[in-house]
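Take a look at the structure below.
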Amino acid sequence: MKLNKPYIYFAITALIIYLIGLFFKGIEENIDFNIHDTYFIIAKYHLATLIAILLFSVGLLYFMFYRLKINLIKRLASIHTFTTIGCLALFFLESFFDRNDNDFPLFDTTPNYIFLIIRSILVLVQILFIYNLMISTYKHVFKKL
């Protein structure tokens, strides 16, 4: 699939995630993160809003590079765009539609390593994005000299 304007994909994905988050605004649904002895409880609406803002910001960076005519490496941009959107789709399927019978489990006896890997890939693919921005900016600046 040809990827000409990745900022459009990020804007559409941010809008969809925000609309999904609006569905959870009136409901007291939250996500619990357990890091050692500390529990972080975040409302699903707030998490969806944060992720939508981050996606919109990434799309805005792609748009700025497009308007400044700085050519990004197409393959890295494609990998970043589709991996990010795919991992977020899987993340939202897991977190928003996971119906756990326990209100507040004290420990998790069944760790889900697949979603841990998906989250790790989501974080690592952002390094590709930063690398792409730096290399493309470097090539653009030194091409003009």
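Just so you know, these numbers use all the heavy atoms, side chains as well, and skip hydrogens, waters and symmetry mates.
Both Ile8 and Leu61 belong to a common hydrophobic cluster when Ile, Leu, Val, Met, Phe, Trp and Tyr are linked at side-chain heavy-atom distances under 4.5 angstrom. A continuous path of hydrophobic side-chain contacts links Ile79 to Ile135 [ILVMFWY only; heavy atoms under 4.5 Å]. Residues Ile53 and Leu22 fall into different hydrophobic clusters, defined by Ile, Leu, Val, Met, Phe, Trp and Tyr side chains chained together at heavy-atom separations under 4.5 Å. Residue Leu54 is not grouped with residue Leu88 when hydrophobic side chains (ILVMFWY) are merged at heavy-atom distances under 4.5 angstrom, including chains of intermediate members. Cluster annotation: Ile12 and Val58 are assigned to the same hydrophobic cluster (Ile/Leu/Val/Met/Phe/Trp/Tyr, side-chain heavy-atom contacts under 4.5 Å, transitive).
The CG atom of Leu128 sits 11.5 Å away from the OG atom of Ser78 when rounded to the nearest 0.5 Å. One finds the CZ atom of Arg67 at 12.0 Å from the CE atom of Met64 (value rounded to the nearest 0.5 Å). A distance of 8.0 Å separates CG of Leu50 from CD1 of Ile42, quoted to the nearest 0.5 Å. Note: Leu68 CG to Thr137 OG1 = 9.0 Å, rounded to the nearest 0.5 Å. Atoms CD1 and NZ, from Ile70 and Lys143 in turn, are 9.5 Å apart once rounded to the nearest 0.5 Å. Distance check: Leu90 CG to Ile121 CD1 gives 9.5 Å after rounding to the nearest 0.5 Å.
Aromatic rings from Tyr62 and Tyr9 are positioned such that their centres are separated by 6.0 Å or more. A distance below 6.0 Å separates the ring centres of Tyr66 and Tyr7. With ring centers used as reference points, Phe142 lies under 6.0 Å from Tyr138. A ring-centre distance under 6.0 Å is not found for Phe56 and Phe63. Taking the six-membered ring for Trp, His80 and Phe10 have ring centres closer than 6.0 Å.
Residues Ile118 and Leu122 are not in side-chain contact: their nearest non-hydrogen atoms beyond the backbone lie 4.5 Å or more apart. Annotation: side chain of Ile85 is in contact with side chain of Thr81 (closest heavy-atom distance under 4.5 Å). Between Ser136 and Ile73, some side-chain heavy-atom pair lies under the 4.5 Å cut-off. You'll find the side chain of Val125 stays beyond 4.5 Å of the side chain of Phe129, heavy atoms only. Side-chain atoms of Leu55 and Thr84, non-hydrogen and from C-beta on, do get closer than 4.5 Å to each other.
Residues Ala48 and Gly21 approach most closely at CB-CA, 3.5 Å, considering heavy atoms.
In summary, of the residues considered (Asn71, Leu72, Asn132), a side-chain contact (heavy atoms from CB on, under 4.5 Å) with Phe65 occurs for Leu72 alone.
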